[in-house]
K.L.:
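Got a structure here, written out as structure tokens. Questions coming.
Heavy-atom basis, side chains included; hydrogens, waters and symmetry copies ignored.
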Amino acid sequence: PLVPPLATVVAAVAWLPSAWIAGIATVASSLPGAVLPWPEGGLGAVILAVLTTVGLLVVGVPARLGSVRLRRHVALSGAALLVVVAGATAGAHALALLQRPADWRIAQCDVGQGDALLVRHGGQVALIDTGRDAALLQRCLDTLGIQRLDLLVLTHFDDDHVGAVEVVHGLAERVLVGPVGRPADEAVVEGLVAAGATVHEVAAGQAGALGGYRWRVLAPPDHRGVEPGNEASIVLEWRPGPQCAGCPSLLTLGDVGAAGQRALLGAVHPVDAITLAHHGAADQEAELYSRASPAVALIGVGADNGYGHPTPEALDAVAGAGALTARSDLHGLVLIAPGEQPGSWLLWTERGVVGEHARGGARPGG
């Protein structure tokens with residue numbers, strides 16, 4: 001603070017070795033097999049400390065205190081501990097991936113505090129919102145093998161819904177957007193057009209198809225006089241057509257609040273799955289969820305998000321409607337696939353268990 005130019009010089013000197021270390025770490029972590037799951041919290045720290053100590057002992061046990069046999073025993077003990085840890089973490093993770101349903105219809109990506117939902121059928125894929133974390137969105141798309149998008153829906157232009165849109169530049173062929181307001185909103189649209197997408201502004205009443213699904217826009221109303229933002233979110237109803245066997249119906253609400261939800265009451269009909277509006281903010285209309293009567297409520301929310309999402313009021317609204325709640329902060333990637341019985345759904349989670357099925361044929365699968 002006393003001599004800023006000198007501080008800049010010192011920082012530059014420190015930057016050189018730290019940038020070198022960061023570069024090595026970045027390259028090394030991207031190598032095949034370089035990153036393995038590891039237990040979190042105190043247990044992971046203790047196991048790491050033990051393995052580090054074992055490694056130091058193997059390398060540094062003095063000859064007078066440790067024979068070759070002792071070194072061998074220590075090395076074998078450390079290797080055994082590492083195998084146990086890898087089996088309990090990487091092995092369990094690999095087993096979970098093997099159980100992932102290949103015929104999923106709906107996928108909720110874990111993108112932190114934000115929304116990113118995939119709908120798939122007949123070789124066609126739609127993505128509803130992108131979240132703000134590009135790395136997490138890319139991870140989800142790579143995990144599910146998504147290399148192109150037939151439809152991209154941007155419910156509105158808040159950063160937690162469009163911040164990672166550059167990830168899908170060149171992947172999305174057709175884009176649906178609501179009212180465009182700020183220059184930043186226009187920049188999102190311009191970027192998509194420049195990447196080769198066709199962008200359509202939509203309003204209530206417009207409809208289309210994706211594979212065997214039929215989608216219909218319930219909101220916003222005609223854009224004239226509609227203020228962009230949460231209340232102007234695109235609300236979509238997804239219904240399976242005759243050729244879409246095992247496709248759960250879906251209602252996606254974006255960030256529309258209680259007032260907008262009340263305006264939708266006459267248009268909402270029972271669905272199999274619903275996205276809890278605005279990541280589970282308190283501003284909810286319980287009657288809408290009661291009329292939708294979903295079996296599963298999907299919540300795109302980040303751990304320790306600072307907003308208190310999902311709130312007790314929001315959770316009560318979907319619980320009162322009899323729905324299971326699948327949260328990205330607790331369950332990671334969530335998939336809904338056809339169940340073994342007609343009209344039933346398999347609810348698979350990357351981690352954790354959603355709970356016992358309440359109604360509608362949904363059941364936990366992860």
Side-chain angles (χ1 to χ4, degrees), residues 96-111 115-130 137 140-153 155 168 171-174 176 207-216 234-254 269-276 292-300 318 323-328 331-350 354 357-366:
L97 292 181
L98 288 175
Q99 295 174 335
R100 188 176 68 206
D103 58 344
W104 59 269
R105 299 287 188 259
I106 298 171
Q108 177 175 258
C109 295
D110 178 10
V111 292
D115 280 349
L117 194 77
L118 291 158
V119 179
R120 182 183 73 165
H121 185 260
Q124 295 191 333
V125 182
L127 173 64
I128 305 168
D129 290 330
T130 69
L137 178 62
C140 182
L141 297 178
D142 291 344
T143 296
L144 297 175
I146 304 301
Q147 298 180 339
R148 61 185 292 272
L149 296 170
D150 300 277
L151 182 66
L152 171 65
V153 181
T155 60
V168 297
L171 301 183
E173 296 182 0
R174 186 183 183 200
L176 307 183
L210 179 96
Y213 270 106
R214 297 292 181 267
W215 54 262
R216 182 168 64 100
I234 295 178
V235 175
L236 280 177
E237 178 189 67
W238 297 78
R239 295 280 176 188
Q243 68 274 41
C244 198
C247 293
S249 54
L250 172 69
L251 181 63
T252 58
L253 294 172
H269 303 286
V271 291
D272 299 306
I274 196 170
T275 60
L276 186 53
S293 189
V296 180
L298 300 167
I299 311 176
V318 291
L324 293 171
T325 55
R327 301 167 45 168
S328 58
H331 305 117
L333 174 65
V334 177
L335 304 177
I336 302 178
E340 297 174 359
Q341 302 298 324
S344 68
W345 317 116
L346 175 67
L347 182 60
W348 181 93
T349 59
E350 184 178 19
V354 172
H357 68 275
R359 51 178 297 283
R363 57 188 178 89

K.L.:
If you take all heavy atoms of Leu171 and Gln147, which pair is closest and at what distance?
P.N.:
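Residues Leu171 and Gln147, closest heavy atoms: CD2-O, 3.1 Å.
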K.L.:
Please report the closest heavy-atom contact between Ala297 and Val318, naming both atoms and the distance.
P.N.:
CB-CG1, 3.8 Å
K.L.:
So which heavy atom on Gly246 is nearest to which on Pro338, and how close?
P.N.:
O-CG, 3.3 Å
K.L.:
Quick check: do Asp150 and Leu210 have side-chain heavy atoms less than 4.5 Å from each other?
P.N.:
yes
K.L.:
When rounded to the nearest 0.5 angstrom, what distance separates CG in Leu151 from CD in Glu173?
P.N.:
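Leu151 atom CG to Glu173 atom CD measures 10.0 Å (nearest 0.5 Å).
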K.L.:
Which pairs with one or both residues in residues 235-251 pass salt bridge (Lys or Arg N to Asp or Glu O under 4.0 Å), sequence neighbours excluded?
P.N.:
Arg216-Glu237, Glu237-Arg239
K.L.:
With sequence neighbours left out, write down each residue that passes side-chain hydrogen bond (donor to acceptor under 3.5 Å, both in side chains) with Ser249, or none if nothing qualifies.
P.N.:
Asp272
K.L.:
What closest approach, in Å, do Cys244 and Gly212 show between heavy atoms, and which atom pair accounts for it?
P.N.:
CB-O, 3.4 Å
K.L.:
Any chance you could measure Leu347, atom CG, to Ile336, atom CD1, to the nearest 0.5 Å?
P.N.:
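The CD1 atom of Ile336 is 6.0 Å from CG of Leu347, to the nearest 0.5 Å.
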K.L.:
I'd like to check Ile274 versus Leu298 (side-chain heavy atoms, cut-off strictly below 4.5 Å). Are they in contact?
P.N.:
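Of all side-chain heavy-atom pairs linking Leu298 with Ile274, none is under 4.5 Å.
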K.L.:
Can you sort out the partners of Gln243 under side chain to side chain contact (heavy atoms under 4.5 Å, CB included), two or more places apart, ordered by chain and number?
P.N.:
Arg214
K.L.:
Nearest 0.5 Å, what's the CG-CG distance between Leu250 and Leu236?
P.N.:
8.5 Å
K.L.:
For Trp215 and Trp238, take the angle between the two ring planes, folded into 0 to 90°, and tell me which bin it lands in: parallel under 30, tilted 30 to 60, perpendicular over 60.
P.N.:
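Ring orientation of Trp215 relative to Trp238: tilted.
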K.L.:
By side-chain hydrogen bond (donor to acceptor under 3.5 Å, both in side chains), which residues pair with Arg105, not counting sequence neighbours?
P.N.:
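Result, side-chain hydrogen bond (donor to acceptor under 3.5 Å, both in side chains) vs Arg105: none returned.
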K.L.:
So, do Val235 and Leu251 sit near enough that their side-chain heavy atoms are less than 4.5 Å apart?
P.N.:
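Yes; the side chains approach each other to less than 4.5 Å.
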K.L.:
Indicate yes or no: at least one non-hydrogen side-chain atom of Leu117 is less than 4.5 angstrom from one of Leu127.
P.N.:
no
K.L.:
How close do Cys109 and Leu333 get, counting heavy atoms only, and between which atoms?
P.N.:
CA-CD1, 4.2 Å
K.L.:
Spell out, as yes or no, whether a donor-acceptor pair under 3.5 Å connects the side chain of His121 to the backbone of Tyr213.
P.N.:
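Absent.
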K.L.:
Any side-chain heavy atom of Ile128 sitting closer than 4.5 Å to one from Val119?
P.N.:
yes
K.L.:
CD1/Ile234 to CG/Leu253 distance, rounded to the nearest 0.5 angstrom?
P.N.:
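Answer rounded to 0.5 Å: 13.0 Å.
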K.L.:
Output yes when a side-chain donor or acceptor of Glu350 lies under 3.5 Å from a complementary backbone atom of Gly332, and no otherwise.
P.N.:
no
K.L.:
Flag the pair Leu346 / Leu335 as yes when at least one side-chain heavy-atom distance between them is below 4.5 Å, and no otherwise.
P.N.:
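Not in contact.
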K.L.:
May I ask you to test the Leu118-Ile146 pair for a side-chain heavy-atom distance under 4.5 Å?
P.N.:
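Leu118 reaches Ile146 side chain to side chain.
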K.L.:
Taking all heavy atoms of Ala323 and all of Pro294, pick out the closest pair and write down the distance.
P.N.:
CB-O, 3.3 Å
K.L.:
Using the test side chain to side chain contact (heavy atoms under 4.5 Å, CB included), find all partners of Ala172 that sit at least two apart in sequence or belong to another chain.
P.N.:
Leu149, Leu152, Val175
K.L.:
Hey, is the main chain of Ile299 close enough, under 3.5 Å, to the side chain of Gln108 for a donor-acceptor pair?
P.N.:
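At least one qualifying donor-acceptor pair exists.
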K.L.:
Using a 4.5 Å cut-off on heavy atoms from C-beta on, say whether the side chain of Ile106 contacts that of Pro248.
P.N.:
yes
